[in-house]
Amino acid sequence: AVLLAGASWVPWQAAAFRRSVEHANLDEPALESPLSPKAMGLGSLNTTYALLELSHAQQRAQTLMHRAMDEVQTQPDIVIVLFWFIFFFFCALKIWKDGGTHLKARSVEVRRKRDTLQGSYVMAMAEIEGILVSMSESSASLAEWNFNEKRKIFIRNLIRVRDDPQKYFPTITKGTVDGFRTFVSLWLRIFEECTESPTNNPRRIVDKSELDGCTRIPDMAKLVINRLESSPVAFMRRYSSTASEQVTPAMQAEELPWLQVVCGFGCGRRFKFPKGGECDAGELREDEVEAFPREYLVGCIRLTLLSETHIMLLSAYVAGLAILAVEITLHSWFWVLLIGLGEVYLLFGLFRIRDIDEFSYLQKEVAHLEKMSEEVKEHRNRLIEFYTNLRELNALWQYRTLPCLEHLEAVSEHFLMNGDPTFLQDAGRVWCQIFEGLGEITLWMGTERSINKDVLEHAAAQLKAATDDIIEQRHRELDQKVRCAKERSGIMVQAPSQKQANADILFRLGRVFGFVVLRIKGARQLTNRGLNKLVTVMEPFVSISICDDQQPLESPESKKTCKALRTSIVKSSNEPMWEDEEFCVPVQWFNSHLQLHVWDGYSKESVSLGYHNIDFRSLEPGVWYTRCENLLKASNGAQLHSSIEYEVFFADQVRQLDCWADTARSSAMDRIAEMLG
């Protein structure tokens, strides 16, 4: 009723205006021209009559315009009232549209959808939090910390060279500069693996062209120092911080009255955001200008604007109060009545503003939750992919990257302590071969393309042993193991000296890795003479052991061998044949011989049927050899007519094992033995 009463003023006023126009036309009859068709008795309309009629119409329009302007000047509030009623009409239409009874069913449906989205959102957040906990507890976090520690140590060593190059390079030549460049390049190439994507996006902080452009050692050291200081390893922290931002739960708005009287006095405004949190107006971001609710504090009055509809109703109500006061002053009681009824209706809408805005709030919340759920799901998928990739990279970092960085650190520390540029050149040259022998990065990752994990673990242990030997060499003059190994190789051992110590380290670097792969094929013409009687029933098997002294084992249960390095027993045969009997034996740098010993396991105590020593150091690395060798008698070393057939493969580089791993049988891969000694 109020809406119709307020809106009826417009057509009523238009009708009154139309009636005044008609009365004006009756009060001012049109003048008849003496040249009109009626006066002249003409039946057709001529041009002169048309011009006269147009002139009279213009005069009547001007008269009506003057009357309308006079009425507006005498009552200027009518225009303001007209605009207010138009604004009130839109507000009333908004209240009627959003406050209808049909809204309840739609609100229930949207609320159900919101609850479903909230459940999926919470589940996705819980899964992300679980992934973050796993990431923080994984070895990848420790690897990241170790990478940064190695980076800091290398920076510290470069600073020593940069500040005092004459101390470490008394005579600077092209060879010394190239040697320093080679060593730095090797370290940087290993450091490229300290990233979440070493194959597609390596951490390359200095290009080869930049290093080649440096002709002075201090300039080269300064370049690398600046780049390393600005390139910390932080892939775990970056993903963890990003994920933490994603899993921040949305804060629910407090159900407080939108108009409050608060304790205190102040002036300002604040914004609350759907994702939680609030900020002052000066801190408002560009993409959050339309954030609701908005709080305004004027004196002790706190006004909270809930939505655009709330702003529209409140503006119409305040403007109506002002117009109502003007109409009361002018004693326009008819307008006072209509505006007062409209104000009552607006006040009713303001009291129900939370109910009116509920549906729009629900729709916005659903849209926000859908967007957040999609973002969380996408981030969860990225985290899962990243975490899966980390587990694959764990083998690379644990068995290759960190051991190599530790080894290069030991080499650099030894150089800085001795100050021998020739040692750095030779070490760089040897390490180029070691780096090339490491093979592709994919061989070290935990994928189907990589080498067996047990083999990689032994390779890392051998590299760590070489690092420990270099560190130990700094505290002693000559290693007894180096002397023994050189004597076996026919190399003359000189008196201990600094140059000899450097030569020992270089010799040790040449034997970092060592693996022997054996395939036992069979044995021929085995005989067993127990108590001078020929034994015809035998159950032969072969044991494999490392035996540098080349002396036969007294028993297959000796400490030099283990059950994992034995073939299966062949029943009742003096010419046994074996299939799928393949062994990979990691050997240490000072080992040189393996012993194949054939035993008869028929009785309680195994009886020796003969043995054969393999000098694997004399073999060309990376090449398969097929051999059929006579066995030696264990008691006196005499050659027997019995023989053993086998295939042998020696690898002094990890990449050489790739060719063997492609054809290796699964049973052989499962029998990788730990050879201690």
Side-chain angles (χ1 to χ4, degrees), residues 433 436-437 439 443 451-452 454-455 458-459 462 485 488-490 510-526 540-553 560-561 564-568 570 575-599 609-632 637 639-669 671-673 675:
Q433 300 175 0
E436 183 180 357
L443 298 179
I451 301 176
N452 183 271
D454 294 330
V455 176
H458 281 287
Q462 292 174 351
R488 295 194 198 103
S489 302
R511 290 187 173 186
V512 174
F513 302 109
F515 293 88
V516 179
V517 182
L518 284 168
R519 293 174 182 170
I520 308 300
K521 309 301 290 185
R524 303 291 183 182
Q525 301 180 5
L526 296 178
F541 67 92
V542 180
S543 68
I544 303 171
S545 60
I546 297 176
C547 191
D548 293 327
D549 56 6
Q550 305 183 37
Q551 296 299 318
L553 300 179
K560 295 184 179 181
T561 185
L565 293 178
R566 293 184 187 182
T567 64
S568 59
V570 179
E575 291 192 356
M577 301 297 294
W578 286 278
E579 295 181 0
D580 197 18
E581 295 289 349
E582 188 172 79
F583 305 87
C584 178
V585 185
V587 295
Q588 299 192 36
W589 64 276
F590 51 84
N591 297 139
S592 59
H593 288 78
L594 284 180
Q595 186 176 106
L596 305 181
H597 205 132
V598 185
W599 303 88
L609 301 180
Y611 70 94
H612 171 68
N613 293 321
I614 303 175
D615 183 8
F616 57 84
R617 293 289 178 184
S618 62
L619 303 177
E620 181 181 353
V623 179
W624 277 102
Y625 291 88
T626 302
R627 297 284 178 87
C628 182
E629 302 289 347
N630 290 100
L631 297 176
L632 301 179
Q639 184 172 329
L640 301 174
H641 294 288
S642 306
S643 62
I644 184 170
E645 297 179 4
Y646 63 92
E647 295 178 357
V648 61
F649 177 92
F650 174 62
D652 61 356
Q653 295 179 345
V654 178
R655 66 170 183 171
Q656 295 169 351
L657 295 173
D658 186 29
C659 300
W660 163 70
D662 291 338
T663 58
R665 300 176 179 87
S666 59
S667 60
M669 300 298 289
R671 285 197 304 241
I672 304 300
M675 303 302 298

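Heavy-atom basis, side chains included; hydrogens, waters and symmetry copies ignored.
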For Gln525, all residues meeting side chain to side chain contact (heavy atoms under 4.5 Å, CB included), sequence neighbours excluded: Glu575, His641
Shortest non-hydrogen contact between Gly622 and Gln656, atoms and distance: N-OE1, 3.8 Å
Residue pair Glu581 / Ser568: nearest heavy atoms and the distance that separates them: OE2-OG, 3.1 Å
side-chain contact (heavy atoms from CB on, under 4.5 Å) evaluation trace for Val517 with Trp624: CA-CA 9 Å; Val517 182; Trp624 277 102; 3.6 Å; yes
Contacts of type side chain to side chain contact (heavy atoms under 4.5 Å, CB included), residue Leu632, not counting sequence neighbours: Tyr611, Gln639
Considering all heavy atoms, the nearest Asn452-Asp454 contact: OD1-N, 2.8 Å
Test side-chain contact (heavy atoms from CB on, under 4.5 Å) applied to Val648 and Leu594, step by step: CA-CA 11 Å; Val648 61; Leu594 284 180; over 6 Å; no
From Ile451 atom CD1 to Asp658 atom CG, the distance as rounded to the nearest 0.5 Å: 5.5 Å
Residues in side chain to side chain donor-acceptor pair (under 3.5 Å) contact with Gln595, at least two apart in sequence or another chain: His597, Asn613
Spacing of CG belonging to Asn630 relative to OG belonging to Ser642, to within rounding of 0.5 Å: 8.5 Å
Side chain to side chain contact (heavy atoms under 4.5 Å, CB included) partners of Val542, counting only residues at least two apart: Ile520, Thr567, Trp578, Leu596, Val598, Ile644
Over all atoms of both residues, closest heavy-atom pair of Ser592 and Asp615: O-OD1, 3.2 Å
Interatomic spacing from OG in Ser545 to NE2 in His593 - rounded to 0.5 Å: 12.0 Å
Pair listing, salt bridge (charged side-chain N to carboxylate O under 4.0 Å, His left out) test, anchored in residues 639-649, at least two apart: Arg519-Glu647, Arg524-Glu645
Verdict with supporting geometry, Leu657 and Leu443, side-chain contact (heavy atoms from CB on, under 4.5 Å): CA-CA 10 Å; Leu657 295 173; Leu443 298 179; over 6 Å; no
Aromatic plane relationship, Tyr646 with His612 - under 30° parallel, 30 to 60° tilted, over 60° perpendicular: tilted
Salt bridge (charged side-chain N to carboxylate O under 4.0 Å, His left out) against Glu436, all qualifying residues, sequence neighbours excluded: Arg655
For Pro586 against Ile546, the heavy-atom pair lying closest together: O-CD1, 4.1 Å
Distance (rounded to the nearest 0.5 Å) between Leu518 CG and Leu565 CG: 9.0 Å
With sequence neighbours excluded, residues passing ring pair (Phe, Tyr, Trp, His ring centres under 6.0 Å) with Phe616: Phe650
Considering all heavy atoms, the nearest Ile544-Phe583 contact: CD1-CD1, 3.5 Å
Test item: Pro540 and Leu609 side chains (from C-beta on) under 4.5 Å apart, heavy atoms: yes
Tyr625 vs Glu620, side-chain contact (heavy atoms from CB on, under 4.5 Å): CA-CA, chis, key distance, verdict: CA-CA 9 Å; Tyr625 291 88; Glu620 181 181 353; 3.2 Å; yes
